[in-house]
Amino acid sequence: MAGEYRFSFGPWNIHEGADPFGPTVRDSVEFGKKLKLYKQLGFDGVQFHDDDAVPGMDDLSPEQIIKKAEQVHSMLEGEGLVAEFVAPRLWEGGLTIDGTYTSNDPACRDYARQRSRRMLDITAALDCKLVVLWLAREGTYIREAKDSKVAVERIVEAINDMLAYNPDVKIAIEPKPNEPMDQAYIPTAGHAVALSYLTDAPQRVGVNIETAHVILAGLDPSDEMGFALAYDKLFTVHLNDQNGLKFDQDKAFGSVDLRRAFNQVRILDQYDYGTRGEFVGLDVKAMRTQKQDVATKHLSNSRAIFLRLLELVRSLDKDKVQKLINERDYEELDLLTINHLMGR
Ligand code: GLO
Ligand code: MG
């Protein structure tokens, strides 16, 4: 049964360990070598930033970009992998300092629009049908800097442009409440779902729920997934874990709160997540202390924890649960759940 889920991660999830306070502690692993690790680690899907596929794309012509992306597509085929999604990496360039789609500067907004079109060319060349938008810099450090109504309108305009430019893709907004911004404009699934109805093709706009981001918003990840599922808008997930309200940690799935992880697997499995091609996506970071040769364990461990929790989800005594719900005996249901997680 457990084999029915397909897993994905992004090349950035194998990284050199730099943090804001210290330099790299591991060597870079070349892209081709990373691709070879996917199957070994039990993964079938690759999540891409546009420039993971085509590094230096801002200096290349549209034709050169497509050609490079086609080469990457051949590499994927050679490894038996598929591209799960492509995301425009809009938060690093000199023209996106004050935001991209919501920048106050029309020249910067135009750059974001052109870059997004190139991202969609890459998506097509990789034979991929999903785009993820983590709206990293669409927010403010101080309230007075931007107009929040105009900002939402500009995000909608940018999404409409993408929907028209590549009619084959769906777009999953990845909400996050803060970091790098003080306040982001699309902080939760509710915001993303509501925004989808302002676009020209609401059925093509949904969400990517990331565990850590939801926790940073003070909400429960499985509830955010349930909300998106109710609108048929859970296009993908970024599973990981997070220890309280601090910087975005991207810890291994289930490593902080097993019960919270169990409930995410439970809602996904209950509503047949994955049966329409959705991947179980991870967005996890290795600890900085991890040595080079064991710096992929966070990926295989997260996958293993998901599959173990899946067994627990499926072996939970559903009749007992229903009986306790009917009796409104939630203390007993609490104990039943905890005992089940403890293997009793
Ligand atoms: C950062 C996000 C980031 C995105 C990725 C895909 O907080 O989680 O990792 O998921 O860039 O857009
Ligand atoms: Mg993410």
Side-chain angles (χ1 to χ4, degrees), residues 7-20 34 43 45-55 57 83-93 96 99-101 112 115-116 118-120 122-123 126 128 130-139 155 158-159 162 169-189 191-192 205-217 219 221 224-225 228 234-243 245-253 264 278-286 298-299 302:
F7 296 83
S8 72
F9 69 86
W12 65 91
N13 293 126
I14 299 175
H15 72 115
E16 298 81 3
D19 69 16
K34 285 185 183 176
F43 290 78
V46 182
Q47 308 168 14
F48 279 95
H49 294 123
D50 47 8
D51 60 1
D52 291 323
V54 185
M57 58 185 283
E84 193 218 347
F85 70 69
V86 183
R89 198 195 309 261
L90 281 166
W91 49 91
E92 286 185 355
T96 60
T100 61
Y101 309 129
R115 167 83 179 225
S116 299
R118 299 294 75 78
M119 175 275 297
L120 289 166
I122 293 171
T123 309
L126 294 177
C128 178
L130 185 64
V131 160
V132 161
L133 285 187
W134 171 43
L135 299 165
R137 299 205 183 273
E138 314 305 359
I155 294 170
I159 290 178
M162 287 183 254
V169 295
K170 285 182 160 187
I171 297 178
I173 297 172
E174 182 179 325
K176 182 178 181 181
N178 61 286
E179 198 200 40
M181 307 313 294
D182 174 51
Q183 298 279 356
Y185 285 130
I186 310 297
T188 69
H191 291 80
V205 182
V207 293
N208 172 15
I209 300 289
E210 173 159 328
T211 316
H213 298 179
V214 175
I215 295 161
L216 287 171
L219 301 172
E224 285 282 269
M225 288 172 187
L234 190 58
F235 293 173
T236 187
V237 292
H238 262 177
L239 301 185
N240 53 25
D241 214 347
Q242 171 75 25
N243 191 11
L245 301 179
K246 45 182 102 175
F247 64 94
D248 184 13
Q249 295 181 295
D250 296 341
K251 288 166 88 76
F253 182 56
Q264 290 168 72
E278 304 95 329
F279 274 85
V280 176
L282 301 179
D283 195 2
V284 288
K285 230 181 233 136
H298 59 304
L299 294 159
S302 294

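By convention here, the first residue in the shown sequence is residue 1. Order of appearance sets the numbers: ligands from 1, and atoms from 1 within every ligand.
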Does the ring center of W134 lie less than 6.0 Å from the ring center of H49?
no
* Would you say D250 has an N, O or S atom lying under 2.8 Å from the Mg ion (ligand 2)? -> no
Numbered atoms of ligand 1 (with element) below 4.0 Å of [X], judged on heavy atoms:
| X | value |
| --- | --- |
| K176 | 1 (C), 7 (O) |
| E210 | 8 (O) |
| H238 | 10 (O) |
| W12 | 5 (C), 9 (O) |
| D248 | 1 (C), 7 (O) |
| D283 | 2 (C), 3 (C), 4 (C), 8 (O), 9 (O), 10 (O) |
| H213 | 1 (C), 2 (C), 7 (O), 8 (O) |
| W134 | 1 (C), 2 (C), 3 (C), 7 (O), 11 (O), 12 (O) |

For this session: Start with the C-alpha distance between L135 and Y101, add both sets of side-chain angles, then the distance that settles side-chain contact (heavy atoms from CB on, under 4.5 Å), and finish with yes or no.
Result: CA-CA 9 Å; L135 299 165; Y101 309 129; 3.9 Å; yes
> So which of D52, T96, D50 actually passes side-chain hydrogen bond (donor to acceptor under 3.5 Å, both in side chains) with R89?
Replying inline: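 Exactly one pass, corresponding to D52.
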Any idea which part of [X] is under 4.0 Å from ligand 1, heavy-atom wise: side chain, backbone, both or neither?
| X | answer |
| --- | --- |
| E179 | neither |
| H49 | side chain |
| Q47 | neither |
| F48 | neither |

task = Return yes if a side-chain donor-acceptor contact under 3.5 Å exists between N240 and D283, otherwise no.
result = no
- request: Would you check if there is a donor-acceptor pair between the side chains of Q47 and H238 at a distance under 3.5 Å?
  value: yes
Any non-hydrogen side-chain atom of [X] less than 4.5 Å from a side-chain atom of [Y]?
| X | Y | value |
| --- | --- | --- |
| F279 | L130 | no |
| L299 | F43 | yes |
| I122 | M57 | yes |
| C128 | F48 | no |

Could you walk me through whether R115 and L90 pass side-chain contact (heavy atoms from CB on, under 4.5 Å), step by step?
CA-CA 8 Å; R115 167 83 179 225; L90 281 166; 3.6 Å; yes
- Identify the closest protein heavy atom to atom 12 (O) of ligand 1: which residue and atom is it, and at what distance?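 Checking every protein heavy atom, the shortest distance to atom 12 (O) of ligand 1 gives A87 CB, 3.4 Å.
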Atom 2 (C) of ligand 1: closest protein heavy atom, distance to 0.1 Å, is E174 OE2, 3.3 Å
What angle, to the nearest 10°, do the atoms OE1 (E210) and ND1 (H238) form about the Mg ion (ligand 2)?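 OE1 of E210 and ND1 of H238 make an angle of 100° at the Mg ion (ligand 2), to the nearest 10°.
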Worksheet item: What is the OD2(D283)-the Mg ion (ligand 2)-OE2(E174) angle, to the nearest 10 degrees?
Response: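 Roughly 160°, rounded to 10°.
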Is there a donor-acceptor contact under 3.5 Å from the side chain of E174 to the main chain of V132?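 Side chain of E174 to backbone of V132: no pair is present.
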* For ligand 1, find out whether one of its N or O atoms is nearer than 3.5 Å to an N or O atom of W91. =>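 Between W91 and ligand 1 (N or O atoms, distance only) the closest approach is not under 3.5 Å.
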